[in-house]
Amino acid sequence: MNDPLAEVRRRLAAARTMTVVTGAGVSAASGVPTFRGRGGLWRSFRPEQLATPEAFDRDPALVWEWYAWRRSVIAGCSPNAAHDVLARWSRRPGFTLVTQNVDGLHERAGTRNVIRYHGSIWRLRCAAAAEDAEWEDLSVPLDPFPPRCPMCGALARPAVVWFGEPIPADAARAADAATACDVFLSIGTSSIVYPAAGLAATARARGAFTVEINPDTTGAAVDVAIAMPAEDVLPRL
Ligand SMILES: NC(=O)c1ccc[n+]([C@@H]2O[C@H](COP(=O)([O-])OP(=O)(O)OC[C@H]3O[C@@H](n4cnc5c(N)ncnc54)[C@H](O)[C@@H]3O)[C@@H](O)[C@H]2O)c1
Ligand SMILES: [Zn+2]
């Protein structure tokens with residue numbers, strides 16, 4: 001494979017089904033900080049110290065301050081060229097996008113068939129879990145702060161998947177089904193957070209041609225690794 005981009009282009013043209021998994025790297029060019037790498041720290045905390053049910057139980061106001069900061073950053077960001085190309089591809093039949101991102105930028109770019117593997121930062125649910133309804137809340141800043149469940153008055157929490165929590169069953173099932181595809185692309189993810197990180201290996205074991213796009217190659221077992229930013233590579237495919 002002398003020209004990996006040409007090989008991927010050829011595979012995509014011939015593919016009847018394709019699945020893309022995205023991580024924080026696709027939103028980096030939009031100005032959304034990734035967890036790992038520059039800008040990943042908020043105050044002196046690592047995401048693993050804040051994005052957990054234990055952190056929320058201990059200090060919900062601190063966790064909500066971090067989410068409020070992220071919501072205000074994301075509210076000022078727009079989809080970039082990588083989101084736009086994926087939105088265009090999503091008009092092809094047989095396309096599935098599984099995103100670990102909670103920022104909503106794929107949806108804002110107009111992408112169809114998005115599986116939100118880790119939920120959305122723009123949705124809330126009751127932390128007391130007395131009812132399992134979720135609701136959308138786009139307000140920046142949040143009022144009241146921290147936000148409350150409109151049904152029972154308990155604290156609300158972000159409707160995102162925290163470390164140690166299971167993937168929503170529907171999303172897990174749909175993503176697993178989508179690993180049966182002709183071409184599988186893993187874009188902008190450190191491939192550390194499971195089970196998302198296992199999807200590429202499953203797809204490959206099921207016969208998919210697998211591609212990673214990440215300027216810092218992760219060592220994930222794929223057929224082609226392209227060490228370039230997503231917003232540069234995708235428009236060339
Ligand atoms: N935008 C968001 O919604 C957002 C942001 C941060 C973290 N998260 C959450 O963090 C968890 C962490 O996993 P992750 O793998 O998504 O993020 P991560 O922060 O662990 O890794 C980001 C990866 O993107 C790569 N990257 C950086 N710039 C890139 C670019 N321009 N093009 C392509 N790749 C680039 C980095 O090398 C790194 O490997 C996820 O569960 C996700 O829910 C979401
Ligand atoms: Zn409630």
Side-chain angles (χ1 to χ4, degrees), residues 20-42 46-48 50-52 66-67 69-71 73-75 77-83 85-86 98-109 114-135 147-165 167-168 171 175 185-200 211-220 225-235:
V20 180
V21 169
T22 61
V26 281
S27 295
S30 296
V32 183
T34 56
F35 276 6
R36 296 172 188 84
R38 275 189 300 128
L41 287 182
W42 174 75
R46 283 183 293 107
E48 294 85 347
L50 295 167
T52 70
W66 181 53
Y67 278 95
W69 170 74
R70 292 174 62 200
R71 286 164 59 102
V73 170
I74 294 165
C77 296
S78 306
N80 66 59
H83 297 106
V85 170
L86 293 171
V98 181
T99 189
Q100 299 172 76
N101 295 343
V102 298
D103 55 32
L105 291 179
H106 286 301
E107 291 91 330
R108 274 174 55 193
V114 177
I115 299 170
R116 282 200 217 115
Y117 212 60
H118 289 165
S120 169
I121 202 165
W122 301 113
R123 299 182 68 78
L124 274 53
R125 62 182 164 86
C126 177
E131 46 308 283
D132 44 70
E134 278 184 18
W135 63 94
R148 301 216 154 249
C149 170
M151 287 151 285
C152 74
L155 274 177
R157 58 163 281 177
V160 301
V161 177
W162 282 330
F163 292 104
E165 293 184 326
I167 305 300
L185 294 101
S186 173
I187 309 178
T189 171
S190 53
S191 296
I192 288 174
V193 179
Y194 278 81
L199 294 171
V211 182
E212 174 183 272
I213 300 173
N214 191 321
D216 292 325
T217 306
T218 65
I226 300 173
M228 285 166 62
E231 65 279 11
D232 294 344
V233 176
L234 288 175

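Start at 1 and go down the list; that is how both ligands and their atoms are numbered. Computed over heavy atoms, backbone and side chain alike; hydrogens, waters and symmetry mates excluded.
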Contact check, side chains of N214 and I226, non-hydrogen atoms, under 4.5 Å: no
Polar side-chain atom of W122 near backbone of D103 as donor-acceptor pair, under 3.5 Å: yes
Any P147 side-chain heavy atom under 4.5 Å of L124 side chain: yes
Location of contacts on P33 toward ligand 1, heavy atoms closer than 4.0 Å: backbone
Shortest protein heavy-atom distance from atom 2 (C) of ligand 1, along with the residue and atom involved: D103 OD2, 3.5 Å
Pairwise distance CH2(W135) to CZ(R123) - rounded to 0.5 angstrom: 10.0 Å
Side chains of C126 and C152 in contact at under 4.5 Å (non-hydrogen atoms): yes
Ligand-side contact atoms (ligand 1) for residue partner G23, heavy atom cut-off under 4.0 Å: 16 (O)
Protein heavy atom at shortest distance from atom 42 (C) of ligand 1: Q100 O, 3.0 Å
E231: numbered ligand 1 atoms lying under 4.0 Å from its heavy atoms: 30 (C), 31 (N), 32 (N)
Gap separating the CD atom of E107 from the OG atom of S120, nearest 0.5 angstrom: 7.0 Å
Aromatic ring pairing H83/H106, orientation class (parallel under 30°, perpendicular over 60°, tilted between): perpendicular
For atom 30 (C) of ligand 1, closest protein heavy-atom neighbour: G25 O, 3.3 Å
Atom indices of ligand 1 within 4.0 angstrom of D216 heavy atoms, with elements: 37 (O)
Heavy atom of T218, distance to ligand 1 below 4.0 Å: no
Side chain, backbone, both or neither: the part of R36 lying under 4.0 Å from ligand 1 by heavy atom: both
For atom 37 (O) of ligand 1, the protein heavy atom that lies nearest, with its residue and separation: N214 OD1, 2.8 Å
CA sep, side-chain torsions, deciding dist, call: T218, E212, side-chain hydrogen bond (donor to acceptor under 3.5 Å, both in side chains): CA-CA 9 Å; T218 65; E212 174 183 272; 2.4 Å; yes
Closest approach of any protein heavy atom to atom 15 (O) of ligand 1, naming residue and atom: T189 OG1, 2.7 Å
contact_flag P215 ligand 1 heavy-atom lt 4.0 Å: yes
Residue H118 vicinity, atoms of ligand 1 by number, heavy atom under 4.0 Å: 40 (C), 41 (O), 42 (C), 43 (O)
Under 4.0 Å to a heavy atom of P229 - the qualifying atoms of ligand 1, by number: 30 (C), 31 (N), 32 (N)
Pairwise distance SG(C77) to CG(L105) - rounded to 0.5 angstrom: 6.5 Å
Polar contact flag for S191 and ligand 1 (N/O pairs, less than 3.5 Å): no
Close approach, V102 and ligand 1, non-hydrogen under 4.0 angstrom: yes
Presence of salt bridge, E165 and R157, under 4.0 angstrom: yes
Apex the Zn ion (ligand 2); atoms C152 SG and C149 SG; angle rounded to 10 degrees: 110°
Side chains of V161 and P168 in contact at under 4.5 Å (non-hydrogen atoms): yes
Check: F35 N/O within less than 3.5 Å of ligand 1 N/O: yes
Part of A28 within contact of ligand 1 (heavy atoms, under 4.0 Å): side chain
Enumerated ligand 1 atoms positioned under 4.0 Å from heavy atoms of A230: 30 (C), 32 (N), 33 (C)
Approximate separation, where rounding is to 0.5 Å, of S27 OG and N80 CG: 7.0 Å
P33 to W69 - nearest heavy-atom pair and separation: CG-CH2, 4.0 Å
Any donor-acceptor N or O pair under 3.5 Å, side chains T22, Q100: no
Under-4.0 Å heavy-atom contact with ligand 1, by part of V32 that carries it: side chain
Shortest protein heavy-atom distance from atom 17 (O) of ligand 1, along with the residue and atom involved: A24 CB, 3.4 Å
Atom 22 (C) of ligand 1 [closest protein heavy-atom partner, distance rounded to 0.1 Å]: G188 O, 3.7 Å
